[in-house]
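Working notes, beginning with the structure itself.
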Amino acid sequence: MSILAITLTAAATMAPVHTVEHEQNGKAYTVSYVAHVDSSARQIGIAPAGRRGMKRCEVSGLVTIERRITDSASGKAISAMLPGSSEVSYTRAGRCVALDAMHADLVAKSSADLDEQLALTAQEDRPHVAATISAARSLAAR
């Protein structure tokens with residue numbers, strides 16, 4: 001496994017998760033909302049040779065949310081990426097180096113916003129969860 005794959009796997013495991021319980025037709029389901037952050041960095045400013053410069057690194061990330069509905073009894077799950085995305089960002093002094101560390105910092109610095117966004121998404125998504133479960137049950141019955 002390459003170092004990049006290990007880094008991306010470690011970064012993906014740090015993604016915020018919001019979990020709610022849902023009951024429908026006498027069955028219990030666990031609904032998890034996972035934030036996926038695809039980050040990028042951009043160098044801003046210059047540093048002329050022999051002089052002090054003004055370099056900074058702008059780190060931004062595109063946030064998408066994945067919904068996982070898991071049947072508590074069987075452990076089977078339905079996963080879907082929800083429509084829409086949002087952006088988080090921060091700026092730090094210096095050059096853009098250690099992109100994996102910058103990704104981890106971006107997730108850490110915006111974790112409160114991400115948690116709030118996941119909770120709001122979970123609340124707004126309740127009717128869609130019920131419809132998804134009903135559709136899956138009707139397809140399974142055929």
Side-chain angles (χ1 to χ4, degrees), residues 1-140:
M1 186 179 242
S2 72
I3 292 176
L4 178 62
I6 293 170
T7 302
L8 292 176
T9 303
T13 59
M14 294 186 306
V17 177
H18 181 78
T19 304
V20 294
E21 298 298 322
H22 181 83
E23 187 174 329
Q24 185 171 336
N25 299 330
K27 291 184 87 175
Y29 299 93
T30 302
V31 184
S32 300
Y33 295 89
V34 182
H36 294 278
V37 182
D38 295 323
S39 62
S40 62
R42 182 172 70 132
Q43 189 73 45
I44 300 173
I46 60 169
R51 292 193 219 161
R52 292 186 66 156
M54 294 291 290
K55 279 191 175 180
R56 57 195 163 120
C57 183
E58 185 177 274
V59 182
S60 62
L62 185 65
V63 179
T64 55
I65 299 175
E66 176 186 9
R67 176 184 63 211
R68 296 180 189 151
I69 303 172
T70 306
D71 182 5
S72 299
S74 67
K76 294 181 181 180
I78 299 172
S79 179
M81 295 302 286
L82 298 179
S85 61
S86 62
E87 192 169 315
V88 292
S89 64
Y90 79 96
T91 303
R92 68 181 201 96
R95 296 179 20 211
C96 292
V97 294
L99 294 177
D100 55 337
M102 287 190 288
H103 176 80
D105 287 346
L106 177 64
V107 172
K109 288 181 187 218
S110 58
S111 67
D113 293 334
L114 292 175
D115 290 339
E116 183 180 322
Q117 182 181 0
L118 289 174
L120 181 63
T121 300
Q123 185 178 13
E124 293 173 351
D125 195 46
R126 281 185 169 266
H128 300 288
V129 169
T132 301
I133 292 170
S134 296
R137 290 190 73 185
S138 67
L139 285 174

(message) Quick one: does any side-chain atom of Glu66 pair with a main-chain N or O of Val34 as donor and acceptor, under 3.5 Å?
(response) no

(request) Apply side chain to side chain donor-acceptor pair (under 3.5 Å) to Glu21 and Ser72, showing your working. (result) CA-CA 10 Å; Glu21 298 298 322; Ser72 299; 4.7 Å; no

(message) For Thr64 versus Ser85, what's the shortest heavy-atom pair and its separation?
(response) CG2-CB, 4.0 Å

(request) Indicate yes or no for a side-chain donor-acceptor contact from Ser134 to the backbone of Ala131 under 3.5 Å, with no hydrogens or angles considered. (result) no

(request) Indicate yes or no: at least one non-hydrogen side-chain atom of Ile65 is less than 4.5 angstrom from one of His36. (result) no

(request) Quick one: pull up CG in Asp115 and CG in Leu120 and give me the separation to the nearest 0.5 Å. (result) 12.5 Å

(message) Looking at every heavy atom in both Ala35 and Val63, which two are closest together, and how far apart are they?
(response) CB-CG1, 4.2 Å

(message) Are Leu82 and Tyr33 packed together at the side-chain level, in the sense that at least one heavy-atom pair is separated by less than 4.5 angstrom?
(response) yes

(message) Using side-chain contact (heavy atoms from CB on, under 4.5 Å), reason through Arg68 and Ile78 one step at a time and then give a plain yes or no.
(response) CA-CA 6 Å; Arg68 296 180 189 151; Ile78 299 172; over 6 Å; no

(message) Can you tell me how far apart CD (Glu58) and CZ (Arg92) are? Round to the nearest 0.5 Å.
(response) 12.5 Å

(message) Test side-chain contact (heavy atoms from CB on, under 4.5 Å) on Arg126 and His22; report intermediate values, then the result.
(response) CA-CA 9 Å; Arg126 281 185 169 266; His22 181 83; 4.3 Å; yes

(request) Return yes when atom CD of Glu116 has more than 12 non-hydrogen atoms of other residues, nucleotides or ligands closer than 6.0 Å, and no otherwise. (result) no

(request) Looking only at non-hydrogen atoms, find the nearest pair between Asp71 and Ser74 and report the distance. (result) OD2-OG, 3.1 Å

(request) For residues Ser39 and Met102, determine if any side-chain heavy atom of one lies less than 4.5 Å from a side-chain heavy atom of the other. (result) no

(message) Restricting to non-hydrogen atoms, name the atom on Val17 and the atom on Ser32 that form the minimum distance, rounded to 0.1 Å.
(response) CG1-CB, 4.3 Å

(request) Check step by step if side-chain contact (heavy atoms from CB on, under 4.5 Å) holds for Arg67 and Thr132. (result) CA-CA 11 Å; Arg67 176 184 63 211; Thr132 301; 3.4 Å; yes

(message) Testing the basics here: between Thr70 and Gly75, what is the closest heavy-atom pair and its distance to 0.1 Å?
(response) CG2-O, 3.8 Å

(request) Please round to the nearest 0.5 Å and tell me the distance separating atom NE2 of His128 and atom CD1 of Ile69. (result) 11.5 Å

(request) Walk me through it: do Arg42 and Ile44 pass the test side-chain contact (heavy atoms from CB on, under 4.5 Å)? (result) CA-CA 6 Å; Arg42 182 172 70 132; Ile44 300 173; 3.9 Å; yes

(message) Could you tell me if the side chain of Leu114 sits less than 4.5 Å from the side chain of Val37, heavy atoms only?
(response) yes

(message) I'd like to check Ile133 versus Lys27 (side-chain heavy atoms, cut-off strictly below 4.5 Å). Are they in contact?
(response) no

(request) Working to the nearest 0.5 Å, report the span between OG of Ser60 and CG of Asp38. (result) 10.5 Å

